[in-house]
Amino acid sequence: MKKGNFKISVKTLLIWLVVLITTSCIEELERTSFTYEKLLVVDANISDQAKAHEVRLTYTSPVDGDTDDLLNTVSGAAVWLEDDLGNRIDFTEQSSGAYFSPDTFAGVSGSSYALFITTNEGKRYQSSFEKLVQAPEISEIYNRFAVESTDQKGGATPGVQFFIDVKDADQSTQFYRYEWADTHQIKVPIIKKHEATAYYVGLAMFYRITPFDEDVQECYRENRFNELILATSVNNINGELNEIPVSFSAATDFDVTTMYSIEVTQRAISAQAYSYYRKIKLFNESNGSLFDKQQGIIVGNIYSIDSPDEQVLGYFEVAGASSKRVFLDPSELDPEVYEYVTRPCETYSPIEFDGSLTTFYEATDLPEEMRGTVIPIRELYELYDIQEGTPVIYLAHRFCADCRRRGSIGKPVWWQ
C-alpha cells in the first residue's frame, strides 16, 4: 500500500467528524457522543524488485489527537513474511513503527506471501496469502498540456500531464496501481562569488557583504506521488492500457528546469487489492454530504489471530512491479505549456548597479513616481558579486545565481 494513503483516509474521516461537531446548525453535539477505538493500522507492500521493502505499523488516533504523534506508532513488534513453501523473511525495525526487509529481498513471481505481526504486548496478526503476479513492461511515457482544476470556485492550474501506455500486457492480471517520482535538474547561469546578509540597527536595515565560495550552480528537486493511481484492463479486449494519467506538474514547476526526469512504477495487483484501493479512493475524493449513504467499513486482508472480531485497518499488497524512467529536455514538453512558463534567467537580465543595496532595493536612485513600479522588480534580485574597491555591485534574479532557491545540492546516484 502506498505510503500515507490509508493515513490520509483516516485523517479525512477525522476532519469530517470535527466538521460535524463544530458546524452543525441544528444541534450542538457533545464530543462524548463519539467513541474511540484504538485499532492497528498496517501499511505494507512487497514486490519482485530487490530492495528494502517497508511495513509501517501505527494505531488510529482519537478525534482530538495528533495523527502524526510518535506515540501512535507500533514499536517493538516482530514482523515477518512467510511464503507458500514455509520460507520466512524477517523485517527489522529501523525507526519507530517502520520495519524493513533485507535490501536484497525480492518476491518471486508465482509465489504467495503472508504477513505476520506480533506486537510487544503479544497480540498476533496475519494477512491472507497473496500471490505475486509479474507486471508487464511500460511501453511509453509521454506528456500533454493540461489544465487541472484546483478548487470548486473555478480555479485552474495549467501544466503538464504525463501518461503511460502498456502495449504488451498479458492476462495474468487486469488490475494495476501506479507510483511515480520525478526530478528537476537546475543549473543556474550565474556564478555566485559574494553574498549579502541583512541585519538591523534599531529599525534601520543594513547589508553585510561577504565572500561566497560554495558551488551552488547545480541542484536537484525531487517529488513523488501522494495519491492513489489505479487502472484496469478489464474492458479492453487485447489487455492493452492506453493513456493512463499518472502525474501532473504545474507549468510553474519548470521555471528554471534544465533537465527533467520521471520514473513510473507499475504494480500488478489482485482484484481484491484493486477493490480495496478503489473504495479508499472514492472515500477520499467524495465531496458529498455527511448524511450521504456510507459505503460501510473498508475491509482489508489482515486479521487478528487471537480476536477474530477485532478490526484491523490497512492492506498487505503483494505485486509484481515494472519501472520505466525517461529524461526530458524542457523543450520536449508539450509546446503549449510554455505559454504559462516564465523563465526568469531569460526574462530578467543581470544588473550592474553603482550604489548600495539599500539604495537599490528602495530605488532612491530614481524619481519617487517610478519607485512603485521598480521596487517589486528589484525585490526579485539578489547580490552575487562586487567590483572590489568601488561601490559597484552585481545582481541577478534570485533563481539564477543560487540553485538552492529551487532545489538541493547533491546529484541522485541514478542521474545519467
Side-chain angles (χ1 to χ4, degrees), residues 49 135-150 156-169 176-190 215-227 229-231 240-267 321-349 396-416:
Q49 295 179 323
E137 296 297 322
I138 297 171
S139 304
E140 186 179 7
I141 301 175
Y142 52 97
N143 71 88
R144 291 186 193 142
F145 171 75
V147 177
E148 186 175 80
S149 176
T150 55
T157 300
V160 186
Q161 179 68 59
F162 288 89
F163 299 87
I164 67 160
D165 287 348
V166 180
K167 299 300 184 184
D168 299 321
Y176 302 91
R177 182 173 70 81
Y178 295 92
E179 302 170 353
W180 61 266
D182 70 1
T183 304
H184 294 257
Q185 181 193 56
I186 299 135
K187 289 186 176 180
V188 298
I190 304 295
D215 183 356
V216 292
Q217 280 198 278
E218 183 175 329
C219 289
Y220 295 82
R221 185 176 74 251
E222 300 183 77
N223 307 292
R224 69 191 310 270
F225 69 101
N226 61 358
E227 73 275 73
I229 308 168
L230 304 171
E240 291 185 356
L241 294 166
N242 296 304
E243 296 190 7
I244 304 300
V246 291
S247 170
F248 176 84
S249 293
T252 52
D253 288 344
F254 295 90
D255 51 5
V256 289
T257 299
T258 52
M259 184 65 73
Y260 175 80
S261 176
I262 181 170
E263 181 183 45
V264 178
T265 297
Q266 178 173 251
R267 302 177 67 90
S322 62
S323 298
K324 186 178 182 66
R325 178 182 294 280
V326 295
F327 290 84
L328 299 173
D329 184 275
S331 64
E332 297 177 82
L333 300 176
D334 188 318
E336 192 172 352
V337 173
Y338 277 91
E339 295 181 20
Y340 303 91
V341 177
T342 299
R343 302 285 287 183
C345 302
E346 299 168 10
T347 304
Y348 298 90
S349 300
H397 191 285
R398 59 176 178 262
F399 288 169
C400 307
D402 191 336
C403 68
R404 297 173 301 178
R405 292 279 190 174
R406 295 290 279 139
S408 301
I409 294 172
K411 180 186 292 188
V413 294
W414 50 260
W415 191 267
Q416 65 180 13

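Side chains included, hydrogens not; waters and symmetry mates left out as well; all remaining heavy atoms used.
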>> More than 12 heavy atoms of other residues, nucleotides or ligands under 6.0 Å from NZ of Lys187: yes or no?
In response: no

Please round to the nearest 0.5 Å and tell me the distance separating atom [atom1] of [X] and atom [atom2] of [Y].
{"X": "Arg325", "Y": "Thr265", "atom1": "CZ", "atom2": "OG1", "answer": "8.5 Å"}
{"X": "Tyr260", "Y": "Ile186", "atom1": "OH", "atom2": "CD1", "answer": "12.0 Å"}
{"X": "Leu328", "Y": "Asn143", "atom1": "CG", "atom2": "CG", "answer": "6.5 Å"}
{"X": "Ile190", "Y": "Phe399", "atom1": "CD1", "atom2": "CZ", "answer": "15.0 Å"}
{"X": "Gln161", "Y": "Glu148", "atom1": "CD", "atom2": "CD", "answer": "7.0 Å"}
{"X": "Glu227", "Y": "Tyr178", "atom1": "CD", "atom2": "OH", "answer": "13.5 Å"}

> Partners of Tyr338 by ring-ring contact (aromatic ring centres under 6.0 Å, His included), sequence neighbours excluded?
Replying inline: none

Which atom names give the shortest non-hydrogen contact between [X] and [Y], and what distance separates them?
{"X": "Pro189", "Y": "Cys400", "result": "CD-O, 3.4 Å"}
{"X": "Ile141", "Y": "Ile138", "result": "CG1-CG2, 4.3 Å"}
{"X": "Gly407", "Y": "Cys219", "result": "C-CB, 3.9 Å"}
{"X": "Cys345", "Y": "Val256", "result": "SG-CG1, 4.3 Å"}
{"X": "Asp215", "Y": "Ile409", "result": "O-CD1, 3.6 Å"}
{"X": "Phe145", "Y": "Asp334", "result": "N-OD2, 2.9 Å"}

> Are Arg177 and Glu179 within salt-bridge range, i.e. N to O under 4.0 Å?
Replying inline: yes

>> Under 4.0 Å between a side-chain nitrogen and a carboxylate oxygen: does that hold for Glu218 and Arg404?
In response: no

Can you give me every donor-acceptor pair (side chain of residues 244-254, partner residue at least two apart or in another chain, under 3.5 Å) with its distance?
residue: Asp253; atom: OD2; partner: Ala250; partner atom: N; Å: 3.3

Regarding [X] and [Y], do their side chains bring together a donor and an acceptor under 3.5 Å, going by distance alone?
{"X": "Asn223", "Y": "Asp182", "result": "yes"}
{"X": "Gln266", "Y": "Tyr176", "result": "no"}
{"X": "Arg221", "Y": "Ser408", "result": "no"}
{"X": "Gln49", "Y": "Ser323", "result": "yes"}

>> If the condition is side chain to side chain donor-acceptor pair (under 3.5 Å), which residues does Asp255 pass it with, not counting sequence neighbours?
In response: Arg406

>> Taking side chain to side chain donor-acceptor pair (under 3.5 Å) as the definition, give me every residue that meets it alongside Thr258, ordered by chain and number, with sequence neighbours left out.
In response: Gln185

>> One pair to check against side chain to side chain contact (heavy atoms under 4.5 Å, CB included): Met259 and Trp415. What are the steps and the verdict?
In response: CA-CA 10 Å; Met259 184 65 73; Trp415 191 267; 3.6 Å; yes

>> One pair to check against side chain to side chain contact (heavy atoms under 4.5 Å, CB included): Lys411 and Tyr220. What are the steps and the verdict?
In response: CA-CA 6 Å; Lys411 180 186 292 188; Tyr220 295 82; 3.1 Å; yes

>> Over 60° means perpendicular and under 30° means parallel, so tell me whether His397 and Tyr348 are parallel, tilted or perpendicular.
In response: tilted

> Between Phe163 and Asn242, does a side chain to side chain contact (heavy atoms under 4.5 Å, CB included) hold up when you go through it step by step?
Replying inline: CA-CA 8 Å; Phe163 299 87; Asn242 296 304; over 6 Å; no

> With Glu346, which residues qualify under side chain to side chain contact (heavy atoms under 4.5 Å, CB included), at least two apart?
Replying inline: Arg343

> Taking only residues two or more places apart in sequence or in another chain, which ones pass side chain to side chain contact (heavy atoms under 4.5 Å, CB included) with Asp329?
Replying inline: Ser331, Glu332

>> So does Ala156 get a backbone contact from the side chain of Ser149, meaning a donor-acceptor N/O pair under 3.5 Å?
In response: no

> For Glu240 and Val166, what are the C-alpha separation, side-chain angles and deciding distance, and is it a side chain to side chain contact (heavy atoms under 4.5 Å, CB included)?
Replying inline: CA-CA 6 Å; Glu240 291 185 356; Val166 180; over 6 Å; no

> Do Glu222 and Pro412 come within less than 4.5 Å of each other through their side chains, counting heavy atoms only?
Replying inline: yes

> Should Leu241 and Ile164 count as side-chain neighbours, where that means a heavy-atom distance under 4.5 Å?
Replying inline: no

> Do Trp180 and Phe162 pass the ring-ring contact (aromatic ring centres under 6.0 Å, His included) test, and can you show the C-alpha distance, the side-chain angles, and the key distance before you say yes or no?
Replying inline: CA-CA 10 Å; Trp180 61 266; Phe162 288 89; 8.7 Å; no

